[in-house]
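As structure tokens, the structure follows; a few thoughts come after it.
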Amino acid sequence: MENTPDPGYSELWRQWKPRSITLSVAQTTQLGITKRAHVYDWLYELGIQPDRYICRKASYGRGHIEIRFGYPEDVSFIKMSGLIPD
């Protein structure tokens, strides 16, 4: 049996692209999310464990945060729950 290493951060970021949520400046302000640590706290309070997502500042727009999830049910939960302000 071949021992393959776990995918790295960058590889997971690419793989999880279809399961992505991008928060605008207005949304991050309303949620009180101004730092990556705030994202971690917010998702932990929702019951989503740290190994189930990755977050980065979005490649476009100042202040946007993109969160990618390893599992589609986490994205569905957040989108359907109305937790993200419009």
Side-chain angles (χ1 to χ4, degrees):
M1 182 180 284
E2 188 176 320
N3 188 6
T4 57
D6 290 334
Y9 186 91
S10 294
E11 181 59 30
L12 289 176
W13 186 255
R14 283 188 291 276
Q15 288 177 9
W16 295 359
K17 185 177 182 176
R19 296 179 301 277
S20 173
I21 293 175
T22 301
L23 302 173
S24 69
V25 175
Q27 291 168 322
T28 58
T29 300
Q30 283 186 285
L31 291 168
I33 297 173
T34 57
K35 298 178 184 177
R36 187 178 293 182
H38 297 155
V39 174
Y40 298 154
D41 291 343
W42 178 63
L43 291 171
Y44 184 75
E45 288 173 10
L46 297 178
I48 300 174
Q49 298 302 309
D51 61 340
R52 296 175 66 98
Y53 65 87
I54 301 171
C55 71
R56 287 185 180 172
K57 289 191 176 197
S59 57
Y60 58 88
R62 188 169 172 244
H64 288 71
I65 295 174
E66 185 173 359
I67 308 167
R68 294 187 181 179
F69 296 87
Y71 301 91
E73 56 269 15
D74 292 332
V75 178
S76 299
F77 168 73
I78 290 173
K79 287 183 175 181
M80 292 175 61
S81 67
L83 293 167
I84 299 174
D86 292 330

Those residues that, when tested against Glu11, pass side-chain hydrogen bond (donor to acceptor under 3.5 Å, both in side chains) (two or more places apart):
Arg14, Gln15
Can you list everything that forms a side-chain hydrogen bond (donor to acceptor under 3.5 Å, both in side chains) with Ser20? Sequence neighbours excluded, please.
Glu66
Give every residue pair that meets the side-chain hydrogen bond (donor to acceptor under 3.5 Å, both in side chains) criterion with at least one member in residues 75-86, sequence neighbours excluded.
none
Suppose clustering is done on Ile, Leu, Val, Met, Phe, Trp and Tyr with side-chain heavy atoms closer than 4.5 Å. Which residues sit in the same group as Leu12?
Tyr9, Trp13, Trp16, Ile54
Could you go through Leu23 and His64, starting from their C-alpha distance and side-chain angles, then the distance that decides it, and tell me whether this counts as side chain to side chain contact (heavy atoms under 4.5 Å, CB included)?
CA-CA 6 Å; Leu23 302 173; His64 288 71; over 6 Å; no
What is the distance from atom [atom1] of [X] to atom [atom2] of [Y], rounded to the nearest 0.5 Å?
X	Y	atom1	atom2	value
Ile84	Thr28	CD1	OG1	11.0 Å
Ile65	Arg56	CD1	CZ	13.5 Å
Glu45	Leu83	CD	CG	11.0 Å

Search all heavy atoms of Cys55 against all heavy atoms of Arg36 and return the closest pair with its distance.
SG-CG, 3.4 Å
So do Ile67 and Leu43 actually touch side chain to side chain, heavy atoms under 4.5 Å?
yes
Under a 4.5 Å side-chain heavy-atom rule over Ile, Leu, Val, Met, Phe, Trp and Tyr, are Phe69 and Leu46 clustered together?
yes
Going by salt bridge (charged side-chain N to carboxylate O under 4.0 Å, His left out), name the pairs with one or both residues in residues 17-35, residues two or more places apart or in two chains.
none
Which residues pass the side chain to side chain contact (heavy atoms under 4.5 Å, CB included) test with Tyr71, sequence neighbours left out?
Arg52, Glu73, Asp74
